[in-house]
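Each chain gets a letter, A, B and so on, in the order the sequences are listed, and its residues count up from 1.
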2 protein chains.
Amino acid sequence: MAQASTVERILDTAEVLFAEKGFAETSLRAITSKAGVNLAAVNYHFGSKESLIQAVFERFLNPFCGALELQMDERFADKVTLESLLGLVATVAMETQRGDARRVAIFFRLSGLAYTQAQGHMRRFLRERYAPPFRRWLSLLAQLTPELTQQERFWRVHFALGATTFALSGMESLLAMSNQGAQQPMAATQVSKELLDFVAGGIRAPSQTSRALPDGESAQK
Amino acid sequence: MAQASTVERILDTAEVLFAEKGFAETSLRAITSKAGVNLAAVNYHFGSKESLIQAVFERFLNPFCGALELQMDERFADKVTLESLLGLVATVAMETQRGDARRVAIFFRLSGLAYTQAQGHMRRFLRERYAPPFRRWLSLLAQLTPELTQQERFWRVHFALGATTFALSGMESLLAMSNQGAQQPMAATQVSKELLDFVAGGIRAPSQTSRALPDGESAQK
DNA sequence: AAACGTTTGAAACGTATGTTGGAGGCTGTC
DNA sequence: GACAGCCTCCAACATACGTTTCAAACGTTT
């Protein structure tokens, strides 16, 4: 682990600290000292802290988006179930991180942070850069949930995203909490299956709200 | 608006800025200048930034927890549905904020931030201080969902919490996104109903995971 | 009107942060 | 061996932050 290059050591350390404490709360000095590299190395290799953050995301998202599009190519012809489409995200994340559940958690945690914390910059960066695969995934979901209006689907996806990122945010501490109470500990992989159940149930939930509206079903195309 | 006391003006401004940018990203100078008070006023009235944050939470949580316990007292005898128990949180939040949906959004947003951002301090503060009503709410939920194991219920509550806080986090920007595409805008109150549908569906979702376990054999259907 | 505690005001303090400049070292090539 | 290019290191910079100080202003009581 001491043989890794400076750039890699910075990225490896930064993604962990960012995920733990957030972007603003993590100083470059904390990163460089823990990584065992010089402070100036960050600005030399990445230019700025902002660019470091983007580099961390790109290292996650480039392989992820690539693998996601590949999988959608293959599965597009097949019959896709809601669970498999939702699970695809987790599956692809897992395989692009080579089965390292901890890095997958970091990945989702960072995604949530970027979406939540940085108000303008990060969100726009992520959207402009990685919108296509996401859009395509959304259209697949639309095919699977024709009973939902566009707005319902839009919000439910965000609810699902929230459940995912939030749950994985405090994964370690939450795991400790749930296990402290009793019984045998729950594995992280099983939590993700529980999450899949929950999200699928939420997406599938009957819409009691829009049924009451006069607008309702007519508002398409 | 300008007649409010210094303390109130600080709290009013702080809760908005904290919700928008987060705790670390919001400086005392930003708060005091926007509130139109002197910088030193924060340390004079609250002692420190940390105490300010806690004061913001207490102003939200004290009436909220009180009203929540009151409502649970009354509804405990009645037959409670899952939707009403989940909706109770939103209802109580709405009425303790006197119908101001914007403040309700701030309230949930701050809760999510406290849970997510501050790694140790805030979480412990909130738990020690407001655990009882939450525990009671949880026991009500347990009565309504006997088919779930303790761990399943634990995680699904957190998933629901995540969906809620995350969704309300980017409420304004998300509302803008969903409305930019088309049609008539969706009101914030309707989003909360959509959220309720989603969360209820998630909590109720059949557990495909534990069915495979030897323990949870219950011969469904 | 005077005295007192309380609140506000402007300025400064110490510290931590992101960033930069320049000296030194390492590894290749001629 | 000398040189060039890339990298590392140390030191410093300017800035922004939370906090403190202390005098002035305020409001109430005597």
Side-chain angles (χ1 to χ4, degrees), chain A residues 1-59 110 113-114 117-122 124-125, chain B residues 1-59 110 113-114 117-122 124-125:
Chain A
M1 68 176 76
Q3 292 126 337
S5 72
T6 300
V7 171
E8 282 170 342
R9 268 187 293 177
I10 291 175
L11 288 174
D12 290 341
T13 312
E15 67 183 22
V16 172
L17 291 183
F18 283 151
E20 279 178 3
K21 301 193 180 186
F23 302 115
E25 293 87 345
T26 303
S27 67
L28 294 184
R29 283 171 175 81
I31 296 173
T32 53
S33 70
K34 186 168 184 180
V37 304
N38 191 271
L39 169 62
V42 171
N43 287 282
Y44 176 79
H45 287 287
F46 298 95
S48 68
K49 184 181 183 181
E50 181 86 13
S51 302
L52 203 216
I53 298 175
Q54 294 188 357
V56 168
F57 272 98
E58 286 185 354
R59 198 168 66 144
L110 289 180
L113 280 183
Q117 280 200 345
Q119 63 249 48
H121 283 166
M122 218 60 218
R124 214 170 310 138
F125 166 77
Chain B
M1 184 184 293
Q3 293 124 336
S5 71
T6 300
V7 171
E8 283 171 341
R9 267 186 296 178
I10 291 175
L11 287 175
D12 289 341
T13 311
E15 69 183 23
V16 172
L17 291 182
F18 282 152
E20 278 179 4
K21 300 192 181 187
F23 302 115
E25 293 86 346
T26 302
S27 66
L28 294 186
R29 284 170 174 82
I31 296 173
T32 53
S33 70
K34 185 169 184 178
V37 304
N38 192 273
L39 169 63
V42 170
N43 286 283
Y44 174 77
H45 287 287
F46 299 95
S48 68
K49 184 181 182 180
E50 181 87 12
S51 302
L52 203 217
I53 298 174
Q54 294 188 357
V56 168
F57 272 98
E58 286 184 355
R59 197 168 67 142
L110 289 179
L113 280 183
Q117 279 200 347
Q119 61 253 46
H121 283 165
M122 218 60 219
R124 216 172 307 138
F125 166 77

K.L.:
Got B:F18 and B:L52 here, is their nearest side-chain heavy-atom distance under 4.5 Å?
P.N.:
yes
K.L.:
Give every pair of a protein N or O atom and an N or O atom of nucleotides 11-17 of chain C that lie under 3.5 Å apart, one pair per line with the distance.
P.N.:
residue	atom	partner	partner atom	Å
C:dT17	OP1	A:S27	OG	3.4

K.L.:
Specify the separation, in whole Å, of atom OH of B:Y44 and atom C1' of C:dA10.
P.N.:
17 Å
K.L.:
From CD1 of B:I10 over to C1' of C:dT8, roughly how many Å is that when rounded to an integer?
P.N.:
11 Å
K.L.:
Would you say B:H45 places a side-chain N or O within less than 4.0 Å of OP1 or OP2 belonging to C:dT8?
P.N.:
yes
K.L.:
Give a yes/no answer on whether the side chain of A:N43 brings an N or O atom under 4.0 Å of OP1 or OP2 in C:dT19.
P.N.:
yes
K.L.:
Can you confirm whether B:E8 sits close enough to B:L11 that some side-chain heavy atom of one is under 4.5 Å from a side-chain heavy atom of the other?
P.N.:
no
K.L.:
Would you call A:N38 and A:T6 a side-chain contact if the rule is heavy atoms closer than 4.5 Å?
P.N.:
no
K.L.:
With the side chain of A:T6 defined as its heavy atoms from C-beta on, choose the nearest nucleotide among D:dT8, D:dT20, C:dT7.
P.N.:
D:dT8
K.L.:
Does the side chain of A:I53 come within less than 4.5 Å of A:F46's, by heavy atoms?
P.N.:
no
K.L.:
So do the side chains of A:L113 and A:K21 get within less than 4.5 Å of each other, counting heavy atoms only?
P.N.:
no
K.L.:
Whole angstroms only, please: what is the CZ-C1' distance between B:R9 and C:dT7?
P.N.:
12 Å
K.L.:
How sharply is the helix from C:dA1-D:dT30 to C:dC30-D:dG1 bent, taking the axes over five pairs at either end and rounding to 10 degrees?
P.N.:
10°
K.L.:
Can you name the nearest heavy-atom pair linking B:T26 to B:L17, along with the distance?
P.N.:
OG1-O, 3.2 Å
K.L.:
In whole Å, I'd like the distance from the CZ atom of B:F18 to the C1' atom of D:dG18.
P.N.:
12 Å
K.L.:
Rounded to whole Å, please give me the gap between CD1 in B:I31 and P in D:dT19.
P.N.:
11 Å
K.L.:
Could you tell me whether the side chain of B:T13 and the main chain of B:K34 form a donor-acceptor pair under 3.5 Å?
P.N.:
no
K.L.:
Within the 4.5 Å heavy-atom criterion, are A:V42 and A:K49 side-chain neighbours or not?
P.N.:
no
K.L.:
Please confirm whether the backbone N or O of A:A30 pairs with a side-chain atom of A:S33, one donor and one acceptor, at under 3.5 Å?
P.N.:
yes
